[in-house]
Amino acid sequence: MPESRNAGLFARAQRSIPGGVNSPVRAFRAVGGTPRFIERAQGAYLWDADGKRYIDYIGSWGPMILGHGHPAVLEAVHKAVADGLSFGAPTEREIELAETILQLVPSAEQVRLVSSGTEAAMSALRLARGATGRSKIVKFEGCYHGHADALLVKAGSGLATFGHPTSAGVPPEVVRDTLVLPYNDVAALETTFDLHGPGIACVMIEPIAGNMNFVRAGVPFMQRLRELCTRHGALLVFDEVMTGFRVALGGAQSLYAAAIPGFAPDLSVFGKVIGGGMPLAAFAGPRSVMEQLAPLGPVYQAGTLSGNPVATACGLATLREIRKPGFFDALARTTRTLTDGLLCAAHEAGVPMAGDCEGGMFGFFFAAKLPHDYPGVMATDQQRFNRFFHAMLDHGIYLAPALYEAGFVSAAHTPADLEATLGAARGALEA
């Protein structure tokens with residue numbers, strides 16, 4: 001049997017790239033085995049270096065909401081490339097993309113474009129501190145906001161204590177003002193604001209956490225969080241890098257606004273879908289806060305490739321397509337059909353499984369009930385997930401190679417794709 005090109009490329013990559021990958025989850029360390037090196041993609045499919053086709057439920061970790069190679073997106077990108085790759089100067093397209101984002105996000109009045117979700121979250125954090133004149137920040141265990149030093153933090157030893165770095169190279173003093181709380185825990189919120197309220201600049205949260213698989217913040221928890229931030233003068237920062245324009249046209253915040261009268265975050269962080277697969281992200285908020293940014297205000301932020309003309313063309317074309325009537329209704333039906341089908345297959349096989357979905361984002365756990373926080377996710381059956389992942393991969397179904405990652409459905413997934421996926425799942429669950 002000829003040697004797999006994937007295996008050969010992985011061996012080669014490890015000689016020149018740390019771990020053989022440029023983002024850790026791609027190394028398959030969580031599930032074992034050899035990562036697939038992708039050569040091309042089209043619609044709902046990927047092809048690896050061995051020529052094998054997979055039905056793709058990663059979608060570049062969320063951006064490919066239209067599927068790969070959508071004609072309108074490719075046309076916009078090809079035209080932009082012909083006009084120039086980068087100018088380091090303003091373009092009209094930046095304005096158009098900013099205006100489009102603001103039309104879809106009523107909580108925001110101004111937006112700043114950047115190049116990555118990490119950069120956007122880091123900048124929103126600096127802005128929140130600069131606008132409030134405070135230092136302390138609150139985040140939640142299991143939420144990931146990129147690899148900025150102050151956000152790479154695990155919980156302290158007691159409730160409402162300051163956190164500890166989760167990465168080498170992050171000095172303890174850098175995270176001394178970061179508080180890490182349990183997700184969906186109202187009592188912990190109230191205790192923290194009682195102890196530290198006057199010093200809290202912001203609370204940053206993934207409204208639907210996509211880095212502990214798929215775990216959503218409960219409505220009562222979110223309502224209390226909004227009340228406490230308002231009462232104590234802290235900014236509520238929604239990290240919608242994953243959920244923005246993915247779970248609904250107005251992002252996850254539109255779902256909470258429908259459930260909680262008058263609800264809105266103070267700052268929002270976006271990425272992935274707004275770039276359509278190109279490196280592009282943004283943070284947005286009310287004019288009074290955003291005008292604290294340079295060149296108008298004292299909070300410095302800059303980027304050579306911010307508002308890149310090719311990336312903005314890609315993002316604009318994507319947003320135009322997902323704004324079409326019925327797009328999200330159809331996407332949500334597809335995602336729900338997949339999620340319900342997986343749960344049904346597990347039930348028939350006598351395998352405990354719980355799952356949830358919203359818009360084009362989904363998750364499932366080998367557990368009797370849905371977890372609502374990080375310890376709950378950690379208590380699910382990881383070994384069964386790993387076996388399931390590899391069985392699905394063998395059948396040409398490309399799921400996230402880690403229990404802790406959400407999945408993504410695109411408009412390109414067809415009923416035949418879902419049927420093939422669920423057929424493979426039935427076999428994988430019975431094995």
Side-chain angles (χ1 to χ4, degrees), residues 41-47 53-74 104 207-210 213-216 240-252 254-255 258 272-274 276-277 317-348 353-365 370 388-389 392-393 395-400 405-429:
Q42 183 60 48
Y45 311 118
L46 302 171
W47 284 263
R53 193 194 80 166
Y54 302 87
I55 301 174
D56 178 22
Y57 290 105
I58 295 180
S60 190
W61 303 100
M64 312 314 296
I65 193 168
L66 301 175
H68 299 278
H70 189 280
V73 175
L74 292 183
L104 298 173
I208 300 176
N213 202 314
F214 183 107
V215 180
R216 68 172 80 217
E240 296 224 50
V241 169
M242 278 196 181
T243 57
F245 313 102
R246 167 51 86 168
V247 300
L249 186 58
S254 69
L255 304 177
K272 301 196 185 285
V273 169
I274 65 166
T318 300
L319 292 181
R320 288 192 191 106
E321 292 299 315
I322 69 174
R323 293 181 75 175
K324 291 182 176 178
F327 178 89
F328 271 94
D329 289 340
L331 182 65
R333 283 194 299 271
T334 301
T335 310
R336 175 55 65 186
T337 298
L338 173 68
T339 307
D340 288 350
L342 288 171
L343 299 180
C344 182
H347 177 75
E348 291 172 354
M353 181 186 282
D356 195 6
C357 65
E358 192 70 56
M361 185 173 168
F362 72 97
F364 62 90
F365 303 87
L370 278 173
F388 182 76
F389 167 82
M392 294 294 277
L393 194 67
H395 284 88
I397 311 299
Y398 199 89
L399 300 170
E405 305 289 347
F408 302 95
V409 173
S410 77
H413 284 87
T414 66
D417 295 328
L418 300 189
E419 184 178 346
T421 301
L422 297 176
R426 284 188 283 271
L429 289 162

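- Ring geometry, Tyr57 versus Phe362: the interplanar angle exceeds 60°, so the pair is classed perpendicular (tilted spans 30 to 60°).
- When all heavy atoms are compared, the tightest approach of Phe327 to Ala411 is CE1-CB, 3.6 Å.
- Within the 4.5 Å cutoff, the side chain of Phe388 has no heavy atoms near those of the Ile397 side chain.
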**Item:** Verdict with supporting geometry, Trp61 and Val241, side chain to side chain contact (heavy atoms under 4.5 Å, CB included)
**Value:** CA-CA 10 Å; Trp61 303 100; Val241 169; over 6 Å; no

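- Considering CD1 of Ile322 and CG of Leu104, their distance stands at 7.0 Å, rounded to 0.5 Å.
- Here the shortest heavy-atom pairing between Ala420 and Ile55 reads CB-CD1, 4.0 Å.
- Annotation for Met392 and Ala428: closest pair SD-CB, 4.1 Å, computed over non-hydrogen atoms.
- Donor-acceptor pairing under 3.5 Å is recorded for the side chains of Thr243 and Glu240.
- Atom CG of Asp56 is separated from atom CH2 of Trp47 by 10.5 Å, given to the nearest 0.5 angstrom.
- In this structure, Leu370 and Ala354 approach most closely via the heavy-atom pair N-CB, 3.6 Å.
- Atom CG of Leu422 and atom CG of Asp417 lie 11.0 Å apart (nearest 0.5 Å).
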**Prompt:** Under the side chain to side chain contact (heavy atoms under 4.5 Å, CB included) criterion, do Thr335 and Met361 qualify, and how do the steps go?
**Reply:** CA-CA 7 Å; Thr335 310; Met361 185 173 168; over 6 Å; no

**Message:** Between Arg323 and Arg320, does the side chain to side chain contact (heavy atoms under 4.5 Å, CB included) criterion hold? Intermediate values first, please.
**Reply:** CA-CA 5 Å; Arg323 293 181 75 175; Arg320 288 192 191 106; 5.9 Å; no

**Request:** Start with the C-alpha distance between Leu429 and Met353, add both sets of side-chain angles, then the distance that settles side chain to side chain contact (heavy atoms under 4.5 Å, CB included), and finish with yes or no.
**Result:** CA-CA 10 Å; Leu429 289 162; Met353 181 186 282; 4.2 Å; yes

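- The structure places CG of Leu338 at 8.5 Å from CZ of Phe364, a figure rounded to the nearest 0.5 Å.
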